[in-house]
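Residue numbering restarts at 1 for every chain, and letters A, B, ... go by the order of the sequence lines. Side chains included, hydrogens not; waters and symmetry mates left out as well; all remaining heavy atoms used.
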Protein chains: 2
Amino acid sequence: MGTSGQDVTQDDVARAAGVSRSLVSLALNGSPKVAEETRRRIAETAARLGYRVNAAAASLARQRSRTIGLVLPNLRNAFFEQIAHTLGDATSARDLALFVTVGSEQPEVLHRAIESLLSVRVMGLILVSPWLSDEDLIAIGEEVPVCLIGRRSPGGRVDSVRVDEQAAARLLIGHLTELDMRSVGYVGPRVVNDTSRFERESALRRAALAAGLTLDVHECGEDAGPAVRDMLSSHPEPLGLVVHNDILAIDAVPVLRETNRHPGSDIALVSYDNTYLARRGEFSLTSIDQLEDVLGTTAVRLLCERADDGATAPPRSPRDVVLEPALAIRGSSCPGRERLTP
Amino acid sequence: MGTSGQDVTQDDVARAAGVSRSLVSLALNGSPKVAEETRRRIAETAARLGYRVNAAAASLARQRSRTIGLVLPNLRNAFFEQIAHTLGDATSARDLALFVTVGSEQPEVLHRAIESLLSVRVMGLILVSPWLSDEDLIAIGEEVPVCLIGRRSPGGRVDSVRVDEQAAARLLIGHLTELDMRSVGYVGPRVVNDTSRFERESALRRAALAAGLTLDVHECGEDAGPAVRDMLSSHPEPLGLVVHNDILAIDAVPVLRETNRHPGSDIALVSYDNTYLARRGEFSLTSIDQLEDVLGTTAVRLLCERADDGATAPPRSPRDVVLEPALAIRGSSCPGRERLTP
DNA sequence: CTGAAAGCGCTTACAG
DNA sequence: CTGAAAGCGCTTACAG
């Protein structure tokens with residue numbers, strides 16, 4: 001029946017199945033030491049009684065939990081949703097649970113969130129573009145396996161997976177120069193401690209220089225519109241406009257229209273993340289694809305490897321997995337020639 | 001120092017502070033039975049040693065955890081971010097942890113997510129507009145205190161907090177008729193089992209009828225653009241266009257422009273959620289405000305009340321808290337007359 | 001105000 | 001292939 005009543009324990013299952021308590025545990029955890037026939041009988045009894053493992057007890061006994069903590073900076077970016085989904089799949093494929101915590105601009109809130117994840121003794125932490133100092137990250141890495149997504153490993157015992165920002169910048173700048181844009185502008189969020197933001201900017205600057213162009217930078221608030229408007233008015237020439245991410249880039253679309261700039265001829269708008277916003281017909285943004293699925297599955301793998309080392313084994317040195325990005329080309333930069341590169 | 005090493009336990013703290021194990025527990029949990037001076041000394045020792053409670057052990061001993069599970073349908077709506085933030089604040093104000101799980105269109109994934117929350121023996125579950133049947137919800141309510149947000153209580157032991165859909169519909173329709181719109185169209189997502197979607201539609205229909213108007217309904221996919229275009233072409237007369245939420249409504253903005261409809265004269269676009277997207281200058285959407293902060297804090301309160309009842313006490317009957325929505329009026333319906341109603 | 005002891009539900013050597 | 005026993009770190013009556 002699987003009904004409620006107070007919690008059913010392994011004891012109840014053991015009694016009902018006429019076996020010992022430990023056998024139930026072994027059977028339910030799929031130990032090879034249990035006869036298949038017995039295992040099946042126990043599993044059936046457990047299901048019939050509505051047994052559900054008590055994760056707290058299991059973690060305590062096992063000295064380690066089977067859940068991974070995911071810390072996202074916020075939920076305002078579809079990229080984060082993709083990541084969360086991919087990680088959800090990757091973890092459940094390994095029979096792990098995933099708990100998401102949403103950070104905040106306020107460091108205090110972020111720290112509290114991480115603390116509560118540590119209290120649960122998560123087996124590892126995945127942090128997406130965290131607003132934390134390298135020192136903080138390394139300190140957290142001392143307590144629990146950590147894998148960063150979208151940010152370079154700061155050393156210590158902290159791993160990371162990210163897309164090659166230089167390669168992404170080269171893809172974008174290459175695309176823009178092919179389109180004969182004369183200058184390149186970058187619009188990014190006005191933030192103080194977001195490392196990835198600055199890395200993106202400097203990668204773009206370097207790639208632009210290498211192509212003989214300079215990079216003009218404007219910072220924007222929540223709405224990128226005003227910054228884009230400024231940028232356009234100071235660049236009447238054919239301009240390659242790089243916006244920090246899709247969600248900001250959609251603010252640029254109406255501005256282009258208003259100011260009478262024509263994608264493909266005197267303007268080319270490109271951005272990052274290639275989320276569903278970029279794919280929408282109304283926006284149709286050329287955008288860097290970050291390969292969220294690869295990012296996610298890799299992060300989980302790195303974390304599990306580090307966790308499996310246990311407290312034994314010499315601490316693994318930090319690993320920094322760098323992925324080649326792709327560029328999804330759409331109407332915002334060259335109408336009529338949509339494709340995926342490379 | 002608060003450094004790492006293997007986990008510090010209450011035992012370690014007790015030894016270091018020269019007191020008994022139980023006293024440490026009492027002190028750290030702020031029991032009034034402990035002398036203030038002792039409490040302080042123990043707290044200091046704990047901090048110095050880098051002690052962090054083992055939530056698994058605490059939950060097990062206490063037979064109840066101090067974390068609430070939040071289940072969101074997805075992360076594609078800024079409304080969910082607001083909710084998550086508010087709940088984060090509300091829970092930490094009560095010294096509870098919040099774990100977020102992101103659902104999915106696939107019921108199997110959603111069930112697994114809920115299962116893993118139940119395995120942790122969360123003290124309660126908050127579900128936002130869940131894609132689950134009433135029966136499923138009631139069944140979950142048998143296992144753990146449940147509070148729904150944005151959906152009517154299905155009975156059982158399940159509470160709910162939501163905005164009055166009828167009142168919201170009346171606000172919108174009232175606003176549209178004031179603007180002399182002749183017909184009303186509703187564009188909502190094409191879904192099969194989203195109760196809130198249908199409730200919204202029927203509330204609108206009823207309010208429209210009461211105002212002597214009929215409601216034309218078009219369903220849309222991920223991009224609302226095409227549905228909006230259809231709607232507009234079949235309604236050349238002044239049209240009040242209600243879109244299911246902000247994120248879909250922004251697809252309508254460029255369509256209005258293309259088709260040369262003018263907000264305030266022959267078209268008035270309104271939507272739901274009043275998120276940051278609605279507030280952006282480029283979109284400036286008139287939108288129903290759902291009072292996320294009230295929704296969130298109320299949900300936490302209801303949950304705690306039900307949890308405090310414990311296994312004793314006659315089961316509380318379900319509560320259905322209904323809030324009066326507000327309407328934020330912006331340029332998409334009447335340019336130049338932005339305000340908040342009521 | 002403080003300490004000794006039992007127990008939460010599970011896992012895991014260990015001995016058969 | 002199976003069972004008896006210890007222990008994970010904490011909380012909580014209970015007795016002083």
Using a cut-off of 4.0 Å on non-hydrogen atoms, how would the nucleic acid contact of B:Thr9 be classed: base, sugar-phosphate, or nothing? sugar-phosphate

B:Arg162 with B:Asp320: basic N within carboxylate O range, under 4.0 Å: yes

For B:Ala113, give me all partners under side-chain contact (heavy atoms from CB on, under 4.5 Å), at least two apart in sequence or on another chain. B:Thr101

How would you label the contact of B:Ser22 with the nucleic acid (heavy atoms, under 4.0 Å): base, sugar-phosphate, or nothing? base

Taking the nucleotide of DNA chain C with the closest heavy atom to each, which residue, B:Lys33 or B:Arg121, is nearer the 5' end? B:Lys33

Could you check whether A:Ser59 gets within reach of a base, just the sugar-phosphate, or nothing at all, counting any heavy atom under 4.0 Å? nothing

Under 3.5 Å, sequence neighbours excluded: what are the donor-acceptor pairs made by side chains of residues 145-152 of chain B?
{"unit_1": "B:Arg151", "atom_1": "NH1", "unit_2": "B:Pro130", "atom_2": "O", "d": "2.8"}
{"unit_1": "B:Arg151", "atom_1": "NH1", "unit_2": "B:Leu132", "atom_2": "O", "d": "2.8"}
{"unit_1": "B:Arg151", "atom_1": "NH2", "unit_2": "B:Leu132", "atom_2": "O", "d": "2.9"}
{"unit_1": "B:Arg151", "atom_1": "NH2", "unit_2": "B:Asp134", "atom_2": "OD1", "d": "2.7"}

Check ring-ring contact (aromatic ring centres under 6.0 Å, His included) between A:Phe99 and all other residues, then give those that pass, not counting sequence neighbours. B:Phe99

With sequence neighbours left out, write down each residue that passes side-chain contact (heavy atoms from CB on, under 4.5 Å) with B:Arg94, or none if nothing qualifies. B:Leu96, B:Val300, B:Arg301, B:Cys304

Please convert DNA chain D into dot-bracket. A pair counts if it is Watson-Crick or G-U wobble with both distances under 3.5 Å; crossing pairs go in [ ] and bases paired with another strand get |. |||.||||||||.|||

Regarding B:Asp7 and B:Arg52, does a basic nitrogen lie under 4.0 Å from an acidic carboxylate oxygen? no

Hey, where on DNA chain C does chain A first and last touch, going 5' to 3'? Cut-off is any atom under 4.0 Å from a heavy atom. C:dG9 to C:dT12

Need to verify one output field. Residue with the more 5' nearest nucleotide on DNA chain C, A:Ala57 or B:Val34? B:Val34

Charged N to carboxylate O under 4.0 angstrom, A:Glu108 versus A:Arg112? yes

Is any NZ, NE, NH1 or NH2 atom of the basic residue among A:Glu36 and A:Arg39 found under 4.0 Å from an Asp or Glu carboxylate oxygen of the other? yes

Within the 4.0 Å heavy-atom criterion, would you say A:Asn29 contacts the bases, only the backbone, or no part of the nucleic acid? sugar-phosphate

Contact nearer the 5' end of DNA chain D, comparing A:Arg21 with B:Gln10: A:Arg21

